[in-house]
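Just so we're on the same page: letters track the sequence lines, and every chain starts at 1.
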Amino acid sequence: MSASAPSSAVVTRFAPSPTGFLHIGGARTALFNYLFARHHGGSFRLRIEDTDRARSTDAAIAAILDGMGWLGLDHDDEIVYQFSRAARHAEVAHALLEAGHAYRCYATAEELEAMRAQQRAEKRPLRYDGRWRDRSDGPEGAPFVIRLKAPQTGEVTIDDKVQGPVTVANAELDDMVLLRSDGTPTYMLAVVVDDHDMGVTHVIRGDDHLNNAFRQLALIRAMNEVEGEWPEPIYAHIPLIHGADGAKLSKRHGALGVDAYRDQLGLLPEALENYLLRLGWGHGDDEVISRAQAIEWFSLEAVGRSPSRFDMKKLESVNGHYIRATGDARLTTLIQPKVESALARPLAPQDIELLQRSMAELKKRAPDLNSLAASALFYLRTRPIPMDEAALRLLASAPSGLLVRARAALAAVSPWVVPDLEAAARELATAEQLKLGAVAQPLRAALTGAGQSPGLFEVMEALGRDETLGRIDDAIAQTHETTSA
RNA sequence: GGUCCCUUCGUCUAGCGGUCAGGACGUCGCCCUCUCACGGCGAAAGCACGGGUUCGAUUCCCGUAGGGAUCACCA
């Protein structure tokens with residue numbers, strides 16, 4: 001199970017723990033790992049850190065896979081499930097133990113808690129005091145953990161590709177637990193062993209792991225002495241994403257799963273990717289960056305060192321851009337389920353065709369797929385269509401008889417195309433001594449049931465002659481009812 | 001509290017000793033216009049503070065302040 005890839009090849013990995021959805025920060029970490037690997041022609045691996053049996057769920061694994069699939073972050077090779085490698089982790093811990101780089105610690109949880117309480121009381125740093133470090137007189141048969149015998153003097157420097165050189169004194173680090181008393185590996189052990197065995201060359205992760213890196217390095221160095229061939233990976237700790245208020249993004253704080261960005265917010269995956277990429281990374285003045293360009297341009301050196309805040313407005317703007325750039329057929333497919341659910345009926349082929357024809361107009365005004373779907377509804381509603389307040393007001397304030405005369409003028413139009421329809425409307429406006437808007441707004445209300453919509457004449461053309469005239473008839477009838485009532 | 005990291009418009013960022021400190025989102029104004037958008041033009045808005053180094057600091061160094069991360073037999 002040792003590294004099979006050539007040592008020159010870049011190997012990165014994304015290693016989420018399946019305790020919940022794939023959140024926005026994780027998605028960005030995955031993206032950076034993906035881009036870095038692709039940029040260097042290396043491989044991007046996925047490891048599920050499911051050693052916490054109590055909190056790991058299959059549903060979370062599915063959600064993570066689903067999210068990565070949606071974002072198009074395809075990983076190489078098979079997925080590594082960390083829990084399945086527990087035996088190998090223990091093997092490494094025991095190798096360290098035999099070589100004298102680790103030791104058995106028999107301190108109980110209560111004992112350690114008392115130790116920390118005293119350290120707290122004395123306002124000293126909280127860390128394991130090494131009470132079993134140089135002892136071998138442990139009680140027979142008593143439970144013990146295996147701790148790393150870490151260097152206690154000197155200092156370690158990590159040349160982090162994002163943070164720059166970071167130095168910590170070894171005295172600050174205590175002897176971490178490698179193997180729990182029940183024989184299961186801790187996270188620290190598992191990560192290091194798995195990264196080594198998977199041939200990971202570059203560890204790109206959130207900077208909440210920066211402190212861990214020093215302890216992990218100590219473990220790697222110890223194994224390198226025991227076995228050799230345990231190269232130190234190159235580290236890159238990327239800053240976390242904060243919420244709009246500057247606080248860390250948490251589950252109750254705007255950190256939604258990527259599925260929510262897709263389903264609830266109606267985002268396009270390429271929009272989220274583009275936004276995430278620009279959060280903490282820049283390439284000159286470039287804002288809209290394709291996957292191919294991202295792969296070509298991505299570098300760790302260009303990743304910023306400060307945390308960035310999540311800005312929904314900008315995400316929406318990016319999303320709107322991508323919607324406008326997306327083909328009508330794809331957009332139609334994407335909103336079809338949303339439209340069907342709103343209309344409570346399946347769409348017929350002619351409905352879909354109508355949607356597709358209207359898409360060019362609709363997509364210019366939609367920041368997300370949900371509003372795109374909502375804005376398309378009026379095309380497909382069956383007569384008489386519902387009117388919102390603005391529409392009702394427009395119809396009520398229209399000059400008496402205007403709709404009737406407009407209907408007559410439009411009925412005479414042939415062919416039923418935008419320029420001719422508009423010409424007819426302008427002619428009528430002139431005859432009525434009205435501005436075009438005064439004619440258009442009541443018609444818009446009649447045809448769309450709203451005070452705002454895509455271009456009126458484009459709507460007429462898309463709706464077709466019969467439906468257009470029919471909806472005007474409905475409005476005329478309704479106006480009569482209202483006035484006579 | 002210890003340790004570590006960070007600090008350019010409200011937000012995301014460009015800048016890597018000499019720039020009118022650039023772009024984007026947002027905001028405001030104007031234009032386009034049948035509404036709303038899209039699009040176009042323009043405006044307001046920033047180097048956290050204090051010391052150095054230097055002929056010259058947004059840029060390099062040191063403090064201060066503020067923010068963040070982390071200190072488990074969680075990951």
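- With sequence neighbours left out, the salt bridge (Lys or Arg N to Asp or Glu O under 4.0 Å) criterion links Asp208(A) to no other residue.
- Using a 4.0 Å heavy-atom distance criterion, Ala121(A) is classed as making no nucleic acid contact.
- The 12-atom threshold is not exceeded at CD of Glu427(A), counting heavy atoms of other residues, nucleotides or ligands nearer than 6.0 Å.
- Nucleotide C36(B) holds its P atom 16 Å from the CZ atom of Phe378(A), rounded to whole Å.
- Within 6.0 Å of the CD atom in Glu111(A), the count of heavy atoms belonging to other residues, nucleotides or ligands exceeds 12.
- Counting any heavy atom pair closer than 4.0 Å across all strands shown, Ser181(A) reaches a base atom.
- When the shell of 6.0 Å around CD of Glu113(A) is examined, it contains more than 12 heavy atoms from other residues, nucleotides or ligands.
- The pairing partner recorded for G1(B) is C71(B), the criterion being a Watson-Crick or G-U wobble arrangement whose two distances lie under 3.5 angstrom.
- With a 3.5 Å ceiling on both atom-pair distances, the Watson-Crick or G-U wobble partner of A43(B) is U27(B).
- As judged by a 4.0 angstrom heavy-atom cut-off over every strand, Arg55(A) is placed among the base-contacting residues.
- In this structure, CG of Leu436(A) is placed 14 Å from P of C36(B), rounded to the nearest angstrom.
- Nucleotide A14(B) is matched to nothing when pairs are restricted to Watson-Crick or G-U wobble geometry with both distances under 3.5 angstrom.
- Scanning residues 389-396 of chain A for heavy-atom distances under 4.0 Å to RNA chain B yields an empty list.
- Sorted pairs that involve residues 360-381 of chain A and meet ring pair (Phe, Tyr, Trp, His ring centres under 6.0 Å), not counting sequence neighbours, are lacking altogether.
- Asn212(A) comes within contact range of at least one nucleobase, with a heavy-atom separation under 4.0 Å.
- Looking at Arg291(A) and Glu270(A), no side-chain N of the basic residue comes within less than 4.0 Å of a carboxylate O on the acidic one, giving no salt bridge.
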Taking only N/O atoms, report every protein-nucleotides 1-5 of chain B pair under 3.5 Å with atom names and distance.
unit_1	atom_1	unit_2	atom_2	d
C5(B)	O3'	Gln163(A)	OE1	3.4
C5(B)	O2'	Gln163(A)	OE1	2.9

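- Distance Glu316(A) CD to C38(B) C1': 16 Å, rounded to the nearest Å.
- A 3.5 Å limit on both hydrogen-bonding distances identifies G63(B) as the Watson-Crick or G-U partner of C49(B).
- Considering only residues two or more places apart in sequence or on other chains, Asp129(A) meets the salt bridge (Lys or Arg N to Asp or Glu O under 4.0 Å) condition with Arg131(A).
- Listed by residue number, the members of residues 450-460 of chain A with any heavy atom below 4.0 angstrom from RNA chain B are Gly451(A), Gln452(A), Ser453(A), Pro454(A), Gly455(A), Leu456(A), Phe457(A), Glu458(A).
- At a cut-off of 3.5 Å, with distance as the only test, a side-chain donor of Ser453(A) or Arg444(A) sits close to an acceptor on the other residue.
- Of the N and O atoms on the side chains of Arg116(A) and Gln119(A), not one donor lies less than 3.5 Å from an acceptor on the other residue.
- Aromatic ring pairs are classed by plane angle as parallel below 30°, tilted from 30° to 60° and perpendicular above 60°; the pair Phe298(A) and Phe36(A) is perpendicular.
- Nearer to the 5' terminus of RNA chain B, by closest-nucleotide assignment, is the contact made by Gly437(A) (compared with the other of Asp50(A) and Gly437(A)).
- Separation of the C1' atoms belonging to G67(B) and U8(B) is 16 Å when rounded to the nearest angstrom.
- Using the six-membered ring where Trp is involved, His283(A) and Trp297(A) have ring planes that are parallel, under 30° apart on the 30 and 60° scheme.
- Base pairing of U19(B) is not made with any nucleotide, judged by Watson-Crick or G-U wobble geometry with both donor-acceptor distances under 3.5 Å.
- The salt bridge (Lys or Arg N to Asp or Glu O under 4.0 Å) search around Glu296(A) returns none, not counting sequence neighbours.
- With rounding to the nearest 0.5 angstrom, the CG atom of Leu148(A) is 11.0 Å from the CG atom of Leu97(A).
- With a 4.5 Å cut-off on side-chain heavy atoms, Met68(A) and Phe14(A) count as touching.
- Proximity of residues 359-377 of chain A to RNA chain B (heavy atom under 4.0 angstrom from any strand atom) is restricted to Lys364(A), Arg365(A).
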Interface polar pairs with nucleotides 10-16 of chain B, N/O, under 3.5 angstrom:
unit_1	atom_1	unit_2	atom_2	d
C12(B)	OP1	Arg309(A)	N	2.9
C12(B)	O2'	Arg278(A)	O	2.8
U13(B)	OP1	Gly280(A)	N	2.3

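- Here Glu122(A) pairs with Arg124(A) under the salt bridge (Lys or Arg N to Asp or Glu O under 4.0 Å) rule; sequence neighbours left out.
- As judged by a 4.0 angstrom heavy-atom cut-off over every strand, Met176(A) is placed among residues making no nucleic acid contact.
- Side-chain atoms of His242(A) lie closest to G68(B) of the nucleotides G26(B), C73(B), G68(B).
- Counting to the nearest Å, the C1' atom of C6(B) and the CG atom of Asp160(A) are 13 Å from each other.
- The partner of C36(B) cannot be assigned: no Watson-Crick or G-U wobble pair with both contacts below 3.5 Å exists in any strand.
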In residues 54-62 of chain A, what donor-acceptor pairs under 3.5 Å come from side-chain atoms, sequence neighbours left out?
unit_1	atom_1	unit_2	atom_2	d
Arg55(A)	NE	Asp52(A)	OD2	3.0
Ser56(A)	OG	Asp52(A)	O	2.9
Thr57(A)	OG1	Ala60(A)	N	3.0

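- Thr184(A) comes within 4.0 angstrom of nothing in the nucleic acid, heavy atoms only.
- Gln478(A) CD to Ile476(A) CD1: the interatomic distance, rounded to the nearest 0.5 Å, is 11.5 Å.
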Produce the list of close N/O pairs, under 3.5 Å, pairing protein atoms with atoms of nucleotides 60-62 of chain B; give distances to one decimal.
none

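- For the pair Asn170(A)/Thr153(A), no side-chain contact is recorded, criterion being any heavy-atom separation below 4.5 Å from C-beta on.
- Here the P atom of nucleotide A72(B) and the CD1 atom of Ile146(A) are 20 Å apart, to the nearest Å.
- At a threshold of 4.0 angstrom between heavy atoms, the contacts of Arg147(A) are confined to the sugar-phosphate backbone, with no base atom among them.
- Atom P of nucleotide A69(B) and atom CD1 of Ile238(A) are separated by 15 Å, given to the nearest angstrom.
- Counting only N and O atoms by type, the side chains of Tyr103(A) and Asp175(A) include a donor and acceptor under 3.5 Å apart.
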